[in-house]
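Order of the sequence lines sets the chain letters (A, B, ...), proteins ahead of strands, with each chain counted from 1.
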Amino acid sequence: MLDIKYIVAHPEEVKKRLSLRKPELAAQIDGVLEKYSAYKTVLARVEELRAKRNEMSKSIGKIKKEQGDDAAKEAMAEVGKLKEEMAVKEAELDPLKKEINDLLLSIPNLPNEHIPVGVSDADNPEYLPCTTPLPKFDFKPLDHQAVGEKLGILDFEAAAALSGSRFALFKGDGARLERAIISFMLDMHAKKGYTEVLPPVIVNEDILIGTGQLPKFREDMYELVGEPKQFLISTAEIPLTNLNRIRVIPEAELPIKLTAYSSCFRKESGTYGKDTRGLIRNHQFDKVELVMLSKPEHSYQMLEIMVSDAQEILKELGIPYHVVELCSGDIGFSSAKTYDIEVWMPSENRFREISSCSNCLDFQARRMGLRYKNAQGKLEYVHTLNGSGLAVGRTFAAILENFQQADGSVIIPPALRPYFGKDKIEAKK
RNA sequence: GGAGAGGUGGCCGAGUGGUUUAAGGCACUAGUCUUGAAAACUGGCAUACCGCAAGGUAUCGAGGGUUCGAAUCCCUCCCUCUCCGCCA
């Protein structure tokens, strides 16, 4: 969330930058400022009353000890009167505080000043062009679902029978390939100094507030029945970023680099009819995630490193991709700056998102109290970054589409062969 | 799920209703001393919020309650440890 002090000190700048995401966001800032000034007025009175009460209570103790219980009666009656106003004012305080906090929690991060201005993904400029040659086919390439079903390694009918639409079932070489991709990615990242983590996929409510899924995006999450409120994670970013919450991180530990494979669960509400075929947009999917905690002065540098670490996977696999920079209208709620890596999908004749790498600055850290002690000995919020490294199902799909052969078989990229055990998935006779 | 024990500052740990600030120790840090270091001694040392400041308020796992006053008493919940049950 944004720093209330910063909003108070720079209201016009905050409004201007937020309106680059969406013009109507600026109005929310006025609401916050109004509530905050009311809150301060009440707070000042409450603290004044409390100070008076504390002072008198102390003197009551003193009087009782020195002069006996009866001597204190007058003072006790007087404090009793104070308590009436206190009760009234205190009752006003909490709702105001909660309102301000709720407002702040639902306001997105300020976009970085230098990111391109725009309203949708159509306005995202290319940041790095594709350098891997696009595959050439002397036949009409199939989409990955058709390739997978013909090979008998993907079974969407079976998945639908078990779980409904938007689920996938991997079988035989398919299941094995998915697992190979996961291991390959984790090993690559481990070599680059990321610590591998295997986190829980069920988390508590406050964890989701920390990374920004709650309170605003509850309808995207699978919520479990019962108390305490718990949710299936929609990305491993959630447990990884929250891993060090409410802790003061020793400066020497920064930057912290984490990677995790996890299943991810998303309701995908509001995406009816969109990307309904195949592995592109499912309720449950596999992803290898990258998370970094960095000192503020290094976070943009770390973002470049993260994007390059994620690209490394595609370079090794030989899958064509390019990188785009998201415009102000397209970056996510918590992000100040985001790069998307997009892979080439021959069946669609276009690039498709496979990774999204974001610098969230102190936006998430403030929500979860994640700080470190800087060189001056002052506590300061760390910056958090997250990125896919990569979406496993979409990588699977890209391999099937880019490396399919005329006979229906699929060549396995050399880098994956030690994990997969074979150099191709044979077509059925 | 059941029984018992516990949760206090960066760490250890005292503290079962009141007289200025949660004792003491460790760690850290500054100074004195010293050629330098160690030791010793002296001082500093939580966080957040309000306030121009002086200063104030809050926080002892969380949330409620009792009281003029709560780390301390009461209620609910969470977590950790030990044992039992169940289970991969």
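Distance noted for atom P between B/G25 and B/A46: 16 Å (whole Å). The separation of B/A23 from B/A71, taken at their P atoms, amounts to 14 Å, rounded to a whole angstrom. Comparing the P positions of B/C75 and B/U82 gives an interatomic distance of 27 Å, to the nearest angstrom. Here, B/A22 and B/G13 have their C1' atoms 12 Å apart, quoted to the whole Å. Using atom P as the reference point in both B/G17 and B/C73, the two lie 8 Å apart (nearest Å). Straight-line distance between the P atoms of B/U21 and B/A58: roughly 13 Å, to the nearest whole Å. Comparing the C1' positions of B/G56 and B/C52 gives an interatomic distance of 15 Å, to the nearest angstrom. Between the C1' atoms of B/U16 and B/C11, the separation comes to 25 Å (whole Å).
Judged by closest nucleotide on RNA chain B, A/Ser57 is the one of A/Ser57 and A/Tyr39 placed further toward the 5' end.
Between A/Lys40 and B/C49, a side-chain N or O to OP1/OP2 separation shorter than 4.0 Å is absent. Of the side-chain N and O atoms in A/Lys5, one or more sit less than 4.0 angstrom from OP1 or OP2 of B/C49. When the side-chain nitrogen and oxygen atoms of A/Arg371 are compared with OP1 and OP2 of B/A48, one or more of them lie within a distance under 4.0 Å. In this model, the phosphate group of B/G69 is approached by a side-chain N or O of A/Lys83 to a distance below 4.0 Å at OP1 or OP2. Under 4.0 angstrom from either OP1 or OP2 of B/A58 there lies at least one side-chain N or O belonging to A/Asn54.
Atoms NZ (A/Lys73) and P (B/C68) sit 13 Å apart, rounded to a whole Å. If you measure from atom CG of A/Asp206 to atom C1' of B/G63, you get 14 Å, rounded to the nearest angstrom. As a whole-Å value, the separation of A/Tyr6 OH from B/C49 C1' is 21 Å. At whole-Å resolution of the value, NZ in A/Lys52 and C1' in B/G56 are 13 Å apart. We find that CD1 of A/Ile100 is positioned 13 Å from P of B/C49, with the value rounded to whole Å. Put simply, OH on A/Tyr372 is 18 Å from P on B/G10, counting in whole angstrom units. In this entry the distance linking CG of A/Asp3 with C1' of B/A48 reads 12 Å, nearest Å. Atom CE in A/Met86 sits about 8 Å away from atom P in B/G69, given to the nearest Å.
Counting any heavy atom pair closer than 4.0 Å across all strands shown, A/Ala44 reaches no nucleic acid atom. Nucleic acid contact for A/Ile60: base, since at least one base atom lies under 4.0 Å from a heavy atom of the residue.
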Review item, side-chain donor-acceptor pairs of residues 17-24 of chain A, under 3.5 Å, at least two apart:
unit_1, atom_1, unit_2, atom_2, d
A/Arg17, NE, A/Pro111, O, 3.2
A/Arg17, NH1, A/Glu13, OE2, 2.6
A/Arg17, NH2, A/Pro111, O, 2.9
A/Ser19, OG, A/Lys15, O, 3.0
A/Ser19, OG, A/Lys16, O, 2.8
A/Arg21, NE, A/Asn109, O, 2.8
A/Arg21, NH1, A/Ile331, O, 3.3
A/Arg21, NH1, A/Gly332, O, 3.1
A/Arg21, NH2, A/Asn109, O, 3.1
A/Arg21, NH2, A/Gly332, O, 2.9
A/Arg21, NH2, A/Phe333, O, 3.4
A/Arg21, NH2, A/Ser335, O, 2.7

- [ ] For RNA chain B, produce a single dot-bracket line, 5' to 3'. Pairs: Watson-Crick or G-U wobble, both distances under 3.5 Å. Symbols: ( ) within strand, [ ] crossing, | other strand, . unpaired.
- [x] ((((((((.[[[..)..(.....]]].(((((.......))))).(((((....))))).[[[[[..)....]]]]])))))))....
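Across B/U47, B/C49, B/G18, the shortest atom-to-atom separation from the side chain of A/Leu43 is found for B/C49.
A/Ile107 CD1 to A/Asp102 CG: the interatomic distance, rounded to the nearest 0.5 Å, is 11.0 Å. Put simply, CD1 on A/Ile153 and CG on A/Leu400 are 4.5 Å apart, with the number rounded to the nearest 0.5 Å. The OH atom of A/Tyr339 sits 10.0 Å away from atom CG of A/Leu326, with the distance rounded to the nearest 0.5 Å.
Among A/Val410, A/Ile425, A/Leu154, the one residue that satisfies the side chain to side chain contact (heavy atoms under 4.5 Å, CB included) test with A/Val147 is A/Val410.
Salt bridge status for A/Arg218 with A/Glu223: present, with a side-chain N to carboxylate O gap under 4.0 Å.
Relative orientation of the A/Phe167 and A/His283 rings is tilted, given thresholds of 30° and 60° on the angle between their planes.
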- [ ] Decide yes or no on salt bridge (charged side-chain N to carboxylate O under 4.0 Å, His left out) for A/Lys171 and A/Asp155, but give the supporting numbers first.
- [x] CA-CA 7 Å; A/Lys171 215 164 50 173; A/Asp155 190 339; 3.5 Å; yes
Task: Worked check of side-chain hydrogen bond (donor to acceptor under 3.5 Å, both in side chains) between A/Glu342 and A/Tyr321 - done: CA-CA 5 Å; A/Glu342 300 183 327; A/Tyr321 71 91; over 6 Å; no
